[in-house]
Structures are given as C-alpha cells and as structure tokens.
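Here's the structure, in structure tokens; my notes come after.
Whatever order the structure lists ligands and atoms in, that order sets their numbers, starting from 1.
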Amino acid sequence: MPSAEKKPQTLYDKVFQEHVVDEKPDGTILLYIDRHLVHEVTSPQAFEGLRNIPTAPRTNFKDVKSFVEEADSRTQCMTLEENVKAFGLTYFGLDDKRQGIVHIIGPEQGFTLPGTTVVCGDSHTSTHGAFGSLAFGIGTSEVEHVLATQTLITKRSKNMRIQVDGVLPPGVSSKDIILHVIGKIGTAGGTGAVIEFCGSAIRGLSMEARMSICNMSIEAGARAGMIAPDETTFEYLKGRPLAPREDSAQWAKAVKYWRSLKSDEGARYDSEVFIDTSEITPTVTWGTSPQDVVPITGVVPNPDDFQTEEKRKSARDALEYMGLTPGTRMQDIVLDKIFIGSCTNARIEDLRAAAKVLEGRRIATSLKRAMVVPGSGLVKTQAEAEGLDKIFVDAGFEWREAGCSMCLGMNPDILSPKERCASTSNRNFEGRQGAGGRTHLMSPVMAAAAAIVGRLADVRKFARANTSPRKASPRLDVTPEPDDLSSDDDFERLMDIAENSQLHANTAATQAVSAPLPKFSKLKGVVAPLNRSNVDTDAIIPKQFLKTIKRTGLGSALFYALRYNEDGSEKPDFVLNKEPYRHAKILVVTGPNFGCGSSREHAPWALLDFGINCIIAPSYADIFFNNTFKNGMLPIAIDDKVVLERIALEASAGNEIEVDLINQVINDASGNKITGFEVEEYRKHCLVNGLDDIGTTMLMEAKIQKFEAKRTLETPWLDGSGYLGRKRRNGPVKVEAVPLPTTNRGGLITEPLDW
Ligand SMILES: CC(C)[C@@](O)(CC(=O)O)C(=O)O
Ligand code: SF4
C-alpha cells in the first residue's frame, strides 16, 4: 500500500516496490510473485527440477512422491496435467470450455489484477500489464524458482514512457499502434526497461485493445508493458470469477488501492516517446522482424536506404527470405494463407472487428487456406452465440478450437516453404509459422481485408463502420455461490486461515539444497563468429524441438534452419558445420539483440548441449540473458565495435580465446588482454561458485513468509477473499469441464471456478 518513499514514482516503481522482499546493496532484489501462470511447453522441465528440491511435508505437496515416480516419456500435455494435479494447481484442461491461451484466459477469469506481479514461462506475459500489473515472461529455471519459493531474483528495470495522444483514425486499431511503436523504437528499443503506455489514445481503448498493445511490448524488447488501471479496467474486472466479488468489502478496498496505481506528477522516466495518432496508418510488416513495418500504402523498402551496414545486411537477408523486391507496392503482395488468432489478437473484440469486415463477403478463391482460431473456449462460445462463426465460415474461413495454432505451428497448422501468410500474431521471424514460411503481421481487420482480395490490402477500402476498438468489454456473469465470502465476518475467517499458515505453503523447503551448477571461472576455447543481428530464439531452436520435457539433447538442433538443408544434410557454409567451429566453446555475435523473442530456455540449453558456454555480443534480449546465467553460462555484452571486431577476427582465424571471469578479462590465445568486461556481482558469484539460486533463496524462507503475512493483511483479495470459501471444502482442484450456460444478454457467462 502507500510506500514510504516520498519522491514521485512511476506506476512501475509503485508496483515493483510493493513486492520487494529483500534488497542487497548491489541492487539485487528478491521480488514476491503474486500470480504464476503455467503452460505445457516451457514448464514441464521446471516441475522436473522441483523433484530435486527437498520439501517439508505439507498439504499442497503431499502427492509429490507419486508424481516423482511417473514415467518421463509422457507428452507435454499429459505431463502438465499430472503436474497440476500433483501440485494442486488450478487447471483448465483440453476438455474444459475455459481452456485457451494463458494470456487470454488469465484476464478472462479475473486472475490478472491491478498492482500484482504476474509471471509465466512465456514472453507474452507482458499482456497482463494492461491491468496495471507488473507482468513479465521468465525462463523455465525461473518458473522452477517461483514454484519453489514464490519469488524471483531480479533487478530494477528502467522506466520508459510511450505516450500516444489523439483519436484513432478509421481503420487503425491498437495493433497498428504497437506495430508503429516497434517500427519507431526497434525491437531492442525497450531493452532493460518497463514501458508505460499512456496518453489519451491509450485511455480511450478497451481492455482487449490495451492487452494487444502490452502483449507486444516484448517485441519492442521491453521487460514488461504497463497501463495504469482506470474505470475501464474496473468495469472489465467486475464479475470475473477470480476477481473479488463486486458486492464484497474487498472489492471496495481493492478499487481504492487500484486507483492509486498511476504515475505521480513529476515522476522520472529514463526515456520518453511521444506519438500522435494522426501519424499512424494501418500498418503491415515486410520483413522478418516485428520492427520491419511500413504503412499499407507504402512499398517494400530498399536495403540501400538503411543507415548502417548492419541494417542494410539485415534488410537484404530479410527480403531474400521473404521473396520480395524493393519498390513493390505492399498492396500488390499476393498471399497464400490467412491466420486470425494468437495471444495478441484472438479476443472477442478482435473477432467481432474482423467479422464486420467479412460479413456478406467471400475470401479470394486464390487463397489456399484461411482460419480463425479463438483465443479461448469462452471466446469461441461467445462468438458462436453472436453468430460470428457463421460469418467466418460463410466467407470461407475455417473456424477452429482455441489455442496458439499457426502463431507458432507446433501443431499441424503450419506454412509450407515459401507460403505467404497475413497473420494477426506477433512474430514474423524466419520459420516461425513453418520452415521457409513468410509472415506479414497486421491487425484483425487488415487480415480480413487481405482475405477478401488475396493480397495485402487497405482495410479502409472495405470499411463499413468504425472498425477501431471501442470501450466495451464482454461481461463474464458469475452465479454467486453460497460458499463465497462476502462479508467482513468471512474476512475474519480468511485471516484465521492465513495465520495458521495453511494458505501460504509456498516457501516449501526447510533444507536449502538444490542441484549445483558447474562452476565457471576460466574458459579457453574456439570461438565461432556469427554475423547476424536480432537473432531470435526461434532461430536458435525452432518449435519442432520444443516438444521435449527434458533440458538435454538439443545440441544437434541448434540453429536448425541455418545449419541444415530441407533434406537434413548440413549446409557447408554455416559456421558450426566447419572446422574448428564444430568444437566451439564460445560464440561471438556481431549484431545486437541476441536471443530476442520467445522465452524458451531451450535456446541456452541447445547452445550448452552443443558445447557453447559463453556468448559475446553487443546486446541481448532480457529473458534470454537471464536464462543463460541460470544454466551456468556467461553472456558478455560488448558494444565497442572495435573490440568486437578484434574478437571476431580471432574467431575467423580459428584461434582460441580465453574468458577469465574471475578477473573479468578476455585474452587472446597467447594470454594478451583483448578487453575487460562487466558482469553483475551477484551473477558472477553464482557462476564462480556454481550456485543455483533456488537454494540461496530458500535460506530467505522466514523473510518471505513475513512478507506474505503482511501482504495478506494489506491486499487480502489477492488470496482470493472473494471466492475462498470453496477452496478448503472441496479439496484439490478438479480438472473436469464445467458446462457453460448460454445467455441472450450478449455477455460471456461462466461458472465460478470449481475449487
Ligand atoms: C513456445 C511458445 C510457448 C512461446 O509462447 C514461448 C514464448 O513466447 O515465450 C512462443 O511464442 O514462442
Ligand atoms: S505461441 Fe503465439 S499465441 Fe501462443 S503464447 Fe506464444 S506468441 Fe502467444
């Protein structure tokens, strides 16, 4: 609640400060995590790690033994199911109507609340910042850390403000705002920072539209995106199953607190960007990075027009991959497939907007496939109740079950090589939607317009009504349960439960022991040069290798698309296929922003399994940077071009170099110093001593419990005071679907969670 600090604070400062459990003199912070979402791709490996952590006997963990004995060969979905049952977590399985993409169902269920810290082993956790929560993606090792300790070790981020003022022009939606922003600041523009989106244009957006913006903060390189909660936020939260009940004392208390969650007058930002909506037009991407944007009225850019050689090279590579020629009108680019979906744009409002454009029209016969994939089962049900599915199907779209689908192509929904897709997703990386596939990112209405003509198209030519997002959010109506807590008496009951500590069994271990990492002090070896910028984690390890529930064995798939031909033979020109680089221990990357995109920790695991323990690059994406340390690897940031060139020269000559972490220097093979380098004190300490920080954090158990007790007193709604009554009585969570009643009031209806 009100912080002791007097100086003006940003929204981020406020939420962050409220969650500090411990702060070391070097700025290393133990941050309390309120909300943790888990899904099947990045988290099974973390549960696996948990098995190594001795746990004191407690109700929540009593099934661990049976869990440990389970076979390793289960599929990810089965593994997740077993894990959530064993650990007593709420689970929306495949047979549950509420199942869907975590970033859609979290807000939908009211799990995401203002002022909370929210994490998930998924980069688009930034979505939840639309509620004024501090929400960010983490790697699998950090998932394990949160599961074991309910905290994370982190540092303060920088504050960045992006103010968007004005009224949205016709045909322009929140997706265009965020694509425009990323085009302006670049995919590393937000690195190290939390972006606060503000201004009259943002205020005027619905929660769905705000979520689309915060969702793609990660594509701008930011740790998180945030929007101050306001009446639109509170209105959206009313009646959500996991939000405090509107008629409870806790709701009033919560709203009072939530209203304080805005940046103070005079708060300081490390960087600021001002945008007027009149500069934003319907926007599409032309290249293989979300920053490669152009107005739909524009043409494919000429690489020669870019300012630096590094950017010219990236643009040339991108155009070659995309099969595009400079000067081609964007509206002349012919498409094969259309995908409306993903955690960016698969909410009810997105589907309504796209359906409005498509109503009474047919998609181009030249298209091979067009599909709509709702973000959750509830979105699907709602859309069907409104007849949107019929509009899509009549137009020639496939109407699918909820999921990530062709955003990532881990299921059969993929692009074939050279196929071109208009997609409402968030990543146009090489191979993202299928090996060799070509992705153009855009808003749902732009994808709908493109479907009609079979080429990239300007939705303004098809406008029937204002397709920009409005302020209305669908309501979730919740039938009150007799068990619900709604009075202050009930609140007392809650406090009793909290005090006898059954509620907070999060800080599990009494013995702080966990698997040690190999110690890193000095590393001498061959260094492989990689001359690329914005190397994304999809490139480091593509989706088809994410189905493993293990952390090992990924080395042969490292840089798969760059390293192998379609028939599986090696590409002789790729550096890791040449001697002596087959035995490289170090990677030197000349371009910035290494490891951007997905949070998949499979990226460092693949590098490590190949034999690479150290990376040297001008800069890194935040999540990847964290992930490497958690695996005992050392990422070194050197943005001095001359020094980097020098290391790249040693690499090209096939010489070894020596990375001396203790003395923080890099030497050539003869021991002559090339450069010094920076590394955070705490991280160095962990690497040198081979410390896994879960063990370290567990030593703080008493402090974490004290923090939790205070938190329960000050923000009791976070413990579920609006719905807690069901929890104890019904025992462990059931995973069966709850049948959904339908409504004629145009609102989503769901049952309260079955605790
Ligand atoms: C792999 C998948 C679950 C992921 O959502 C992970 C991520 O973005 O962190 C992705 O889009 O790549
Ligand atoms: S796979 Fe796509 S839709 Fe799913 S969470 Fe990742 S970015 Fe979002």
Quick check: does [X] get an N/O under 3.5 Å from an N/O on ligand 1?
{"X": "D538", "result": "no"}
{"X": "R432", "result": "yes"}
{"X": "S599", "result": "yes"}

Between [X] and [Y], is any pair of side-chain heavy atoms under 4.5 Å apart?
{"X": "S173", "Y": "M446", "result": "no"}
{"X": "L237", "Y": "F131", "result": "yes"}
{"X": "N626", "Y": "I138", "result": "no"}

- S423 and R432: side-chain donor and acceptor closer than 3.5 Å? no
- Message: Go through it in stages, so that I can follow the logic: the residues are L587 and F594, the test is side-chain contact (heavy atoms from CB on, under 4.5 Å), and I'd like the CA-CA distance, side-chain angles, deciding distance and then a yes or no.
- Response: CA-CA 11 Å; L587 187 69; F594 188 80; 3.9 Å; yes
- Using the side chain to side chain donor-acceptor pair (under 3.5 Å) rule, take N215 and H103 through it: C-alpha gap first, then chi angles, then the decisive distance, then the call. CA-CA 8 Å; N215 172 276; H103 313 308; over 6 Å; no
- Could R210 and F197 be counted as a cation-pi pair, given that NZ or CZ must be under 6.0 Å from the ring centre and within 45° of the axis? no
- Message: Once you restrict to heavy atoms under 4.0 Å, what part of R600 touches ligand 2? Side chain, backbone, both or neither.
- Response: neither
- Query: For atom 5 (O) of ligand 1, which candidate among I218, T125, D122, N426 holds the nearest heavy atom?
  - Reply: D122
- Task: Considering heavy atoms of the protein only, find what lies nearest to atom 8 (O) of ligand 1 and give residue, atom and distance to 0.1 Å.
- Result: S123 OG, 2.6 Å
- Write out the residue and atom name of the closest protein heavy atom to atom 6 (C) of ligand 1, then the distance separating them to 0.1 Å. S598 OG, 3.1 Å
- Aromatic rings F629 and F625: how do their planes relate, parallel, tilted or perpendicular, breaks at 30° and 60°? perpendicular
- Looking at D336, T439, L456, L415, which one forms a side-chain contact (heavy atoms from CB on, under 4.5 Å) with R420? D336
- Item | From CA spacing to verdict: side chain to side chain donor-acceptor pair (under 3.5 Å), N426, T344 | CA-CA 7 Å; N426 41 56; T344 314; 2.9 Å; yes
Numbered atoms and elements of ligand 1 in range of [X], under 4.0 angstrom, heavy atoms:
{"X": "H39", "result": "3 (C)"}
{"X": "L408", "result": "1 (C), 12 (O)"}
{"X": "L546", "result": "1 (C)"}

- Distance filter under 4.0 Å to R432 heavy atoms, resulting ligand 2 atoms: 1 (S), 2 (Fe), 6 (Fe), 7 (S)
- Message: Considering atom 8 (Fe) of ligand 2, could you give the total of protein N/O/S atoms lying closer than 2.8 Å?
- Response: 1
- Item | Non-neighbouring partners of E398 that pass salt bridge (Lys or Arg N to Asp or Glu O under 4.0 Å), sequence neighbours left out | R369, R400
